[in-house]
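Note sheet for the following structure.
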Amino acid sequence: MEQILVTGALGQIGSDLVDALRQKYGTANVLSTDIRNNLDDPNYAMLDILNKQRFREVMGDHKITQVYHLAAILSANGEWNPAKTWNVNFNAFLSLLELSNEMSIDKVFFPATIAVHGPTTPKTNTPQYTDLSPETVYGISKVSCELWANYYHKRYGLDVRSLRYPGVIGWKALPHGGTTDYAVEIFHAALKGEHYTCFLDADTRLPMMYIDDAIRATIELMDAPADQLTVRTSYNLAAMSFTPAEIAAKIQERLPNFTIDYQADFRQAIAATWSESIDDSLARKDWNWAHQYNLDNLVDEMLHQLVTNKIVTHV
Ligand code: NAD
Ligand code: SER
């Protein structure tokens, strides 16, 4: 039986990924870790990924065979402390590669992002292989992780796999400090009957994905036969692209009293350097990736799940 470690498990994506992995492998076989305490979880350990000795102990004590490495500081928060962001996003990842090699870990997953794109990257239908010159420390750190993952795979045969997630939209947890966070916050405001002020301009088009698709993509990639994978940096991955005005209009079709205005802040400059749409044909070809959610069923699902699970009280 696999013994799985998830880092950064209390974040937006970890909250869903841990549940999905536990359904597949059993709770006792999926160790959730993060920098904070979590007394409610029967299989949880505190792990600051900057502490390499503790990382080694946790991996050894739990006889870990696979690692899903989610811990990171996202694009907007990263700009407040670039050196710390580099340490958390890149140096700790390099420690994980070293430990995984040393401890003969079977498979490692880490997410890259659309933030690996920069102002010189083609904006539409962005190809898998293209100019990656990001201008945020988050993007720089994730491109560097991609290249080192590829290096460890080629040089040491370590089975590292990765996806460039678009902006991920889910209902279980709020995102923390990303540039695409508005696309989750907007649902909370709309259901609470609050006006929403969006921090991006109305016409800022970005690639996005519903959380269920992101989690399924992750597990399908990790289950794919190794010899089918032709990309060992990180696969482009896509589902839909929309602007704040377009998602607001879809919400207003369902909640006609919802109101929004736009006051762009520093995150607009970050978003302006990212792609609008992604060519993910290699993911579709290599391991049969197919998204299931478009903008309409994403909006239906978010409103339904936030209310049904009492995350937000609909006024
Ligand atoms: P998040 O900010 O919600 O969660 C990240 C988690 O990492 C947090 O729980 C935080 O406590 C933890 N963390 C931070 N520093 C740590 C440290 N030193 N040691 C241990 N844990 C630490 O982020 P998320 O949205 O869940 O993102 C998870 C991963 O997916 C990240 O690698 C991110 O780059 C990637 N990603 C996310 C999105 C998205 O839209 N959410 C898009 C592309 C890529
Ligand atoms: N959603 C992430 C962010 O905005 C993209 O990686 O930072």
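Below, each value reflects all heavy atoms present in this structure, side chains not excepted, and no hydrogens, waters or symmetry copies. Numbering of residues begins at 1 and proceeds along the displayed sequence. What you see is a predicted model, and the numbers here were worked out from it, not measured in a lab.
Between the side chains of Tyr129 and Thr233, not a single donor N or O lies within less than 3.5 Å of an accepting N or O. Tyr235 and Asp286 are linked by a side-chain donor-acceptor pair at a separation below 3.5 angstrom, with hydrogens and angles left out of the test. Side chains of Asn29 and Gln3: a donor-acceptor N/O pair is present below 3.5 angstrom, by distance only. No side-chain donor from either of Thr130 and Thr121 sits under 3.5 Å from a side-chain acceptor of the other. Judged purely by distance below 3.5 Å, without hydrogens or angles, the side chains of Asn309 and Trp171 never pair a donor atom with an acceptor atom. Judged purely by distance below 3.5 Å, without hydrogens or angles, the side chains of His153 and Asp159 never pair a donor atom with an acceptor atom. In this structure, a donor-acceptor pair under 3.5 Å is present between the side chains of Asp131 and Thr120. Side-chain polar atoms of Ser241 and Glu276 form no donor-acceptor pair below 3.5 angstrom. Side-chain contact, Thr197 with Asp261: a donor N or O sits under 3.5 Å from an acceptor N or O.
Between the side chain of Gln252 and the backbone N or O of Phe258, at least one donor-acceptor pair lies under 3.5 Å. Thr204 places no side-chain N or O within 3.5 Å of a backbone atom of Leu200 that could act as its donor or acceptor partner. Side-chain atoms of Tyr44 come within 3.5 Å of backbone atoms of Asp34 as a donor-acceptor pair (strictly under, hydrogens ignored). Judged by distance alone, the side chain of Thr65 and the main-chain N or O of Ile105 form no donor-acceptor pair under 3.5 Å.
No more than 12 heavy atoms of other residues, nucleotides or ligands lie within 6.0 Å of NZ in Lys63, so this atom counts as exposed by the packing criterion. The 12-atom threshold is not exceeded at NZ of Lys84, counting heavy atoms of other residues, nucleotides or ligands nearer than 6.0 Å.
Using the six-membered ring where Trp is involved, Phe242 and Tyr182 have ring planes that are perpendicular, over 60° apart on the 30 and 60° scheme.
Of all heavy-atom pairs spanning Asp213 and Gln292, the tightest one is OD2-N, 2.9 Å. Trp289 and Ala238 make their closest contact through NE1-O, 3.2 Å (heavy atoms, listed as atom of the first residue, atom of the second, distance). Ala190 and Ile251 get closest at one heavy-atom pair: CB-CG2, 3.7 Å. Closest heavy-atom contact between Gln128 and Asn236: OE1-N, 2.8 Å. Closest approach of Leu10 to Asn37, counting heavy atoms only: CD1-O, 4.2 Å. The minimum heavy-atom distance between Pro82 and Val137, with the atom names listed, is O-CG2, 3.5 Å.
Linking ILVMFWY residues whenever their side-chain heavy atoms come closer than 4.5 Å, directly or via other members, places Met59 and Val108 in the same cluster. No chain of hydrophobic side-chain contacts below 4.5 Å, direct or via other Ile, Leu, Val, Met, Phe, Trp or Tyr residues, connects Leu47 to Val18. Clustering ILVMFWY residues whenever any of their side-chain heavy atoms sit less than 4.5 angstrom apart, transitively, puts Leu163 in the very cluster that holds Ile114.
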Audit row: Phe93, Trp86, ring-ring contact (aromatic ring centres under 6.0 Å, His included) steps and yes/no: CA-CA 10 Å; Phe93 179 68; Trp86 176 257; over 10 Å; no
Stepwise side-chain hydrogen bond (donor to acceptor under 3.5 Å, both in side chains) check, Ser162 with Glu146: CA-CA 8 Å; Ser162 177; Glu146 287 192 9; 5.6 Å; no
Working for side chain to side chain contact (heavy atoms under 4.5 Å, CB included), residues Leu298 and Ile169: CA-CA 8 Å; Leu298 171 135; Ile169 300 163; 3.9 Å; yes
Derivation and outcome, salt bridge (charged side-chain N to carboxylate O under 4.0 Å, His left out), residues Lys107 and Glu2: CA-CA 10 Å; Lys107 289 182 198 171; Glu2 301 291 349; 6.0 Å; no
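Taking 4.0 Å as the cut-off between side-chain N and carboxylate O, Asp19 and Arg22 do not count as a salt-bridged pair. For the pair Arg54 and Asp48, the salt-bridge criterion is not met [side-chain N within less than 4.0 Å of a carboxylate O]. A salt bridge links Asp300 with Arg254: at least one charged nitrogen is closer than 4.0 Å to a carboxylate oxygen. Here Asp212 does not pair with Arg216 in a salt bridge; the nearest charged N to carboxylate O distance is not below 4.0 Å.
A distance of 6.0 Å separates CG in Leu306 from CG in Leu191, rounded to the nearest 0.5 Å.
Within the cation-pi definition used here (under 6.0 Å to the ring centroid, within 45° of the axis), Arg267 qualifies as a partner of Phe199.
You'll find the side chain of His117 reaches within 4.5 Å of the side chain of Thr126, heavy atoms only.
Counting only residues at least two apart or on different chains, the salt bridge (Lys or Arg N to Asp or Glu O under 4.0 Å) pairs with a member in residues 178-206 are Arg205-Glu246.
Of the residues Phe110, Phe55, Tyr68, the one that meets the side-chain contact (heavy atoms from CB on, under 4.5 Å) test with Thr7 is Phe55.
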